[in-house]
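All values below come from the heavy atoms of this structure, side chains included, with hydrogens, waters and symmetry mates left out. The sequence lines fix the lettering, A, B, ..., with proteins before strands; numbering per chain opens at 1.
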Amino acid sequence: MALWSRWASVSAMSGEQELGVTESKNHNTGEWYAEVVQKAKLADYAPMGGFIVTRPRGYELWERLQNHLDGWFKETGARNAYFPVLIPESFLEREADIVEGFDPEVAWVTHGGYEELEERLAVRPTSESIITPFMSEWTRSHRDLPMRLNQWCSVIRWEATETKPFFRTKEFLWQEGHTAHATEDGALDEVMMRLGQYERLYEDVLAIPVLRGKKPEHDKFPGADMTTTVEALMPDGKSVQGGTSHALGQSFAEAYDVTYTDEDEEERTAWTTSWGLSWRALGALIMTHSDDQGLVLPPAVAPEQVVVVPIWQEDTKDDVLQYATEVAAELEDAGDVRVHLDDRDQRNPGFKFNEWELKGVPLRIEIGPNEVEDEVVTAVRRSDNENTKRELDRTELVDEVDDQLDTVFDELYAKAAENLVENVRTANEPTEIMGTIGQHGGFVKTPWCGDEACEEVIKEKVAAEIAMLPLEDGEAPEAAVEGGEAVEVEGDECTMCGEDATEVAYFAKTY
RNA sequence: GGGCUGGUGGGUUAGCCUGGUAUACUUCGGGCCCUGGGAGCCUGUGACGCCAGUUCAAAUCUGGCCCAGCCCA
């Protein structure tokens with residue numbers, strides 16, 4: 001048994017740690033993650049494999065994320081709608097690629113009560129096949145385009161994989177946007193705009209830097225011309241597909257007859273897109289920032305942004321509580337901060353510190369008789385690994401707290417960005433790709449001819465695949481993160497087969 | 001899909017080999033006391049993953065299933 005593990009069980013038996021996280025993020029990422037999710041009260045496992053129960057704290061994270069994205073969607077022309085969870089088999093069958101792509105993981109409803117249905121109904125694995133037919137009905141003229149619909153819903157994909165809350169579940173919450181356009185350019189602009197919004201969500205809200213790219217041909221969404229992705233690198237070296245946006249060309253429009261009359265009175269076929277982001281983003285959020293003390297959240301999604309912990313003695317209790325109450329009220333009213341005053345009588349301060357750290361509150365404010373006397377508050381940032389205590393002046397409280405919350409975001413982002421930048425490496429030999437991924441994880445970029453067989457060579461050996469290809473020639477996604485020039489990949493021959501390279505491939509192990 | 005490890009009150013866990021009374025800590029409820037990093041005392045509630053089998057008797061043995069974590073495809 002490894003040392004760290006023995007420590008974990010020893011401290012558990014001594015009754016010191018069992019409320020908090022006992023697993024090590026570095027040494028035992030899987031169990032650590034499961035523990036953080038459960039002990040921070042984000043989710044529980046459901047009785048059936050592959051399903052989870054999202055608890056209020058977890059759902060609140062989703063709601064905040066949702067509010068950001070939904071606002072941007074609406075600002076850019078998308079409107080929310082809702083389509084049935086069940087899709088008739090005959091609808092699903094109309095687009096051949098969708099059938100082929102999702103058939104193995106579709107859940108079917110075959111009975112209503114005791115009656116067997118005449119036509120079985122698919123529980124949606126994605127909704128193109130029910131939404132596009134309606135876009136067809138609603139699209140008459142070029143004046144109806146672009147048509148942009150979005151729905152927030154859950155889908156079911158019956159994969160036989162291990163459950164990992166938010167990362168891998170048979171049912172997951174997501175949004176799926178569906179649009180139709182008069183021109184291919186219009187559709188492509190849409191695809192990139194939505195990808196940009198996903199990138200913005202990760203970078204500006206979740207404090208996670210991402211790489212933008214497209215998926216290789218063989219890994220595209222079924223029926224799509226192009227699938228784009230934002231990829232986030234987790235601390236254990238695996239890549240997460242954080243959101244995807246697809247150019248569907250005209251294949252869906254043809255299959256479901258989305259046509260319109262243009263200015264010249266010609267009947268034309270529309271171009272469609274779809275784009276989705278799931279609660280996997282929450283998985284990436286939890287995995288990226290949290291530590292061995294528990295959850296760590298950036299302020300924008302934290303249910304409580306500030307927790308105020310009063311520390312009193314019998315003779316100071318009234319003063320301390322009054323001061324703490326005023327501080328909390330001021331932050332809430334003047335500062336528009338989500339603040340919680342933890343005035344529980346039966347818990348000592350140390351217990352509260354640990355508990356709120358476990359729950360990921362970005363900023364803790366301690367108020368005892370000393371603070372009251374000096375007219376200050378003591379603040380500790382969750383993102384500060386040194387646990388440094390800072391005095392904030394009472395008279396500048398709102399601004400100071402605001403600064404501290406910004407700093408939490410900056411610290412979280414900087415750490416995640418460092419992880420990303422340090423873990424994009426180049427390789428020019430197959431053994432080098434495999435060796436680098438085996439040793440460090442992360443992304444390894446290398447020239448590639450575009451042939452799936454060449455990916456397979458790597459995949460078989462180290463279970464790493466092509467996570468993405470930079471979107472345009474010469475565009476190196478990590479340059480944005482580094483704020484400078486991208487590192488050039490040497491050579492223009494495919495590293496695996498030696499044929500002419502057409503792409504730069506980013507290999508990684510993936511979630 | 002294959003293999004490994006595990007599943008005992010809400011959480012952590014002892015007991016299992018060698019069948020018979022289920023251990024402790026903690027959380028939670030009540031009471032007292034206490035408050036600058038998981039304090040203390042009293043008290044109460046609360047569990048053997050599921051289904052079969054063996055047996056006078058199963059948490060314990062056997063078989064099947066379910067669930068989780070890990071490794072491989």
Undergrad: Indicate, with a heavy-atom threshold strictly under 4.0 Å, whether Glu31(A) touches base, sugar-phosphate, or nothing.
TA: sugar-phosphate
Undergrad: Across the strands shown, which category fits Arg364(A) at heavy-atom distances under 4.0 angstrom: base, sugar-phosphate, nothing?
TA: base
Undergrad: Compute the ring centroids of Trp279(A) and Phe166(A), then answer whether they are less than 6.0 Å apart.
TA: yes
Undergrad: Tell me which nucleotide, if any, is Watson-Crick or G-U wobble paired with rC28(B) when both distances must be under 3.5 Å.
TA: rG44(B)
Undergrad: If you measure from the C1' atom in rC48(B) to the same atom in rU12(B), how many Å do you get, rounded?
TA: 16 Å
Undergrad: Under a 4.0 Å N-O cut-off, is there an ion pair linking Lys459(A) with Glu452(A)?
TA: no
Undergrad: Does Pro369(A) reach a base, just sugar-phosphate, or nothing at all? Heavy atoms under 4.0 Å.
TA: base
Undergrad: Give me the distance, rounded to whole Å, that separates rC61(B) from rC71(B) when you measure between the C1' atoms they each carry.
TA: 30 Å
Undergrad: Do any side-chain nitrogens or oxygens of Arg347(A) fall under 4.0 Å of OP1 or OP2 in rC28(B)?
TA: yes
Undergrad: Which value, in whole Å, describes the distance between the P atoms of nucleotides rU23(B) and rG6(B)?
TA: 24 Å
Undergrad: Tell me which of Trp312(A) and Lys459(A) sits closer to the 5' end of RNA chain B, going by the nucleotide each one is nearest to.
TA: Trp312(A)
Undergrad: Counting only heavy atoms not in Asp44(A) (residues, nucleotides, ligands), do more than 12 fall under 6.0 Å from its CG?
TA: yes
Undergrad: Taking only nitrogen or oxygen atoms into account, show me every contact under 3.5 Å that the protein makes with nucleotides 1-10 of chain B, one pair per line with its distance.
TA:
none

Undergrad: Taking N and O atoms by type only, does the side chain of Asn28(A) place a donor or acceptor under 3.5 Å from a partner on the base of rC70(B)?
TA: no
Undergrad: Are Phe51(A) and Tyr45(A) an aromatic pair, judged by ring center distance below 6.0 Å?
TA: no
Undergrad: Over all strands shown, is Lys389(A) touching base, sugar-phosphate only, or nothing at heavy-atom distances under 4.0 angstrom?
TA: base
Undergrad: For the residue pair His27(A) and Trp32(A), is the inter-centroid distance of their aromatic rings smaller than 6.0 Å?
TA: no
Undergrad: OP1, OP2 of rG69(B) versus side-chain N and O of Tyr45(A): anything below 4.0 Å?
TA: yes
Undergrad: Remember a base hit wins even if backbone is also touched, and classify Gly30(A) as base, sugar-phosphate or nothing at under 4.0 Å, heavy atoms.
TA: sugar-phosphate
Undergrad: Taking atom CD of Glu375(A) as the centre, does the number of heavy atoms from other residues, nucleotides or ligands within less than 6.0 Å exceed 12?
TA: no
Undergrad: Taking the six-membered ring for Trp, are Trp62(A) and Trp152(A) ring centroids under 6.0 Å apart?
TA: yes
Undergrad: In whole angstroms, how far is the C1' atom of rG69(B) from the CZ atom of Phe167(A)?
TA: 16 Å
Undergrad: How would you label the contact of Gln346(A) with the nucleic acid (heavy atoms, under 4.0 Å): base, sugar-phosphate, or nothing?
TA: base
Undergrad: Considering only the P atoms, how many Å lie between rG38(B) and rC32(B), rounded to the nearest integer?
TA: 25 Å
Undergrad: I'd like to know if Asn370(A) reaches the base of rG36(B) with its side chain, counting only an N/O donor and acceptor under 3.5 Å.
TA: yes
